[in-house]
**Q** 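One structure, pasted below without further comment.
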There are 2 protein chains.
Amino acid sequence: MALEHAILVSLLEQPGSGYELARRFERSIGRFWTATHQQIYRVLKRMEADGWVVGRDVGQDGRPDKRSYEVSAAGRETLTEWLREPVQPEAVRHDLAVKIRGAAFDDAAGRARLVDEVRRYRAGHEETLARYLAGERRDFPAGGDLDTGQRLQHVVLRGGIAYERMLLDWLDDVLETLLKGLP
Amino acid sequence: MALEHAILVSLLEQPGSGYELARRFERSIGRFWTATHQQIYRVLKRMEADGWVVGRDVGQDGRPDKRSYEVSAAGRETLTEWLREPVQPEAVRHDLAVKIRGAAFDDAAGRARLVDEVRRYRAGHEETLARYLAGERRDFPAGGDLDTGQRLQHVVLRGGIAYERMLLDWLDDVLETLLKGLP
DNA sequence: CCTTGATATGCAACGAGTTGCATAGCAGGA
DNA sequence: TCCTGCTATGCAACTCGTTGCATATCAAGG
């Protein structure tokens, strides 16, 4: 639905090619909007056909050519229209929560396996939090002067940090609860 | 991907019809796995064909007949196999975060509109939190005796509560940040 | 009596998203 | 020299998910 809009925002922040967008989605934007490179290439084509973005081929030395895109006036208008629409409730798909409730119907060995999985999962999110915090120190040093765009990027990053902290606390709670069932 | 598994868990907790499942997905399970009734009916058919669930028609007085399902031994086995697989990283799609970063490319009037939207959105999540807390008081009173299944349901609910609280705090941060840009 | 609304199920069409594969240039190391 | 890996783009096939619509029963209210 709104992959187009996520791409528009990303290209307004910084023009780039499909490949570069895919990289950004893996890193920054992917915090709140995931997409694979195939999806991005396909949508970029459609967006170019609709006149939302303008692409041009850029030759590079030592690398294959790339096609770099920037947002057109029409694309910008499309974005601001979308910004004024109501926020859609997000579609939640949380694998782990289903598994935790499902663990009630598995045996002790199965729950022990799940404990290991939760620990692995927790370690991954600890890394994510560390990465966010490092990014925050790098891009938003205390006392630095920020423009509107940077302040907005920062508040979104703070959201990611708050989410990860909340998640880590909850995972501790989950581990404790699971372990109570395995004396 | 795992709608099947979410349905299996829900049916193990309590057998029921497609309609009832859709209701539960709106309420309880929908906290971490959304699905529409069409999807549920379609998947239930496939699951019955695969022998994961057994359906039987139940006549009701004063209401149309329904087809009630319960999980078969094969379905239970399928679920425990899935429980032992690694947890997939969840696909995040967070509309609002895209809009917040997009607000940098809108004018003051547009950002003012977004502030209203964020307030509306925040009010919705305040209601959600209140509903979770009421559910917690109802289903998990302090000092009550809980079996494994109930303890697991409770820890998942606590996750929902923690998420909503984190979100409300973050939305306050967002509002403050947006308002700084509108003197 | 007629409308509205809840229960209960479903089809058809479309759009979104994933998976697997293919291509091609060039860098760097074994 | 060959293999691996990164940059860079893309097709084809498939599954998943959403939207709009349709149907039928019955209760309650005006």
**Q** May I have the distance from W33(A) (atom CH2) to dG17(C) (atom C1'), rounded to whole angstrom?
**A**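 In whole Å, dG17(C) C1' lies 12 Å from W33(A) CH2.
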**Q** Could you check whether the rings of H5(B) and W82(B) sit parallel, tilted or perpendicular, using 30° and 60° as the cut-offs?
**A**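 The rings of H5(B) and W82(B) lie parallel, inter-plane angle below 30°.
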**Q** Write down the distance between NZ (K66(B)) and P (dA6(C)), rounded to a whole number of angstrom.
**A**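 It works out to 18 Å between those atoms.
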**Q** Just to be sure I understand the geometry, which residues of residues 43-56 of chain A put a non-hydrogen atom under 4.0 Å away from DNA chain D?
**A**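 Under 4.0 Å from DNA chain D: K45(A).
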**Q** Just how far, in rounded Å, is C1' of dG10(D) from CG of L21(A)?
**A**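 Rounded to the whole Å, the gap is 16 Å.
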**Q** Let's test your reading of the model: under 3.5 Å, does the base of dG17(C) pair with the side chain of Q38(A) as donor and acceptor?
**A**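 Check fails, no donor-acceptor contact within cut-off.
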**Q** Hey, can you tell me if W170(A) and H94(A) have their rings parallel, tilted or perpendicular (30° and 60° cut-offs)?
**A**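 The arrangement is perpendicular - the two ring planes meet at more than 60°.
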**Q** With nearest nucleotides of DNA chain C determined for R93(B) and S68(B) from heavy-atom distances, which residue corresponds to the more 5′ nucleotide?
**A**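 Looking at the nearest nucleotide for each, S68(B) comes out on the 5' side.
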**Q** Within the 4.5 Å heavy-atom criterion, are K99(B) and E85(A) side-chain neighbours or not?
**A**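 Yes; the side chains approach each other to less than 4.5 Å.
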**Q** Taking the six-membered ring of F32(B) as reference, does the NZ or CZ atom of R101(A) fall below 6.0 Å from its centre and within a 45° cone about the axis?
**A**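 The answer is no, since R101(A) fails at least one limit relative to F32(B).
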**Q** Provide, to the nearest angstrom, the distance between the NE2 atom belonging to H37(B) and the P atom belonging to dT23(D).
**A**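 From H37(B) NE2 to dT23(D) P: 15 Å.
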**Q** Starting from the 5' end of DNA chain C, give me the residue, T36(A) or R67(B), whose nearest nucleotide shows up first.
**A**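 This one resolves to R67(B).
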**Q** Taking OP1 and OP2 of dT18(C), is either one under 4.0 Å from a side-chain nitrogen or oxygen of Q39(A)?
**A**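 Checking dT18(C) against Q39(A), a side-chain N or O does come within under 4.0 Å of OP1 or OP2.
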**Q** Closer to the 5' end of DNA chain D via nearest nucleotide, is it R42(A) or A35(B)?
**A**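 Closest to the 5' end, via its nearest nucleotide, is R42(A).
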**Q** Do the side-chain N or O atoms of Y19(A) get closer than 4.0 angstrom to the phosphate oxygens (OP1, OP2) of dT9(D)?
**A**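 For Y19(A), the contact criterion (side-chain N or O under 4.0 Å from OP1 or OP2 of dT9(D)) is not met.
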**Q** Round to the nearest Å and state the distance from L3(A) atom CG to dG17(D) atom P.
**A**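 From L3(A) CG to dG17(D) P: 17 Å.
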**Q** Report yes if at least one side-chain N or O of S17(B) is closer than 4.0 Å to OP1 or OP2 of dT9(C); otherwise report no.
**A**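 For dT9(C), OP1/OP2 do have a side-chain N/O of S17(B) under 4.0 Å.
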**Q** Using a cut-off of 6.0 Å, state whether more than 12 heavy atoms not belonging to E77(A) lie near its atom CD.
**A**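 Counting neighbours around CD of E77(A), 12 or fewer heavy atoms of other residues, nucleotides or ligands fall under 6.0 Å, so no.
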**Q** Does the R111(A) side chain pair with the main chain of A103(A), one donor and one acceptor, at a distance under 3.5 Å?
**A**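 Here the side-chain-to-backbone pair exists.
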**Q** In terms of side-chain geometry, is the basic nitrogen of E4(B) or R46(B) positioned less than 4.0 Å from the acidic oxygen of its partner?
**A**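 Looking at R46(B) together with E4(B), the answer is yes, because their closest N to O distance falls below 4.0 Å.
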**Q** Where the side chain of Y41(B) is concerned, which of dT9(D), dG17(D), dG10(C) is the nearest nucleotide?
**A**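 Closest of the options to the side chain of Y41(B): dG10(C).
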**Q** Specify the separation, in whole Å, of atom CD of E20(A) and atom P of dA8(D).
**A**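 In whole Å, dA8(D) P and E20(A) CD are 6 Å from each other.
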**Q** Kindly say if R23(B) contacts the phosphate of dA6(C), meaning a side-chain N or O under 4.0 Å from OP1 or OP2.
**A**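 Answer is no, no contact under 4.0 Å.
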**Q** Expressed in angstrom and rounded to an integer, what is the separation of I40(A) atom CD1 from dC11(D) atom P?
**A**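 Distance, rounded to whole Å: 15 Å.
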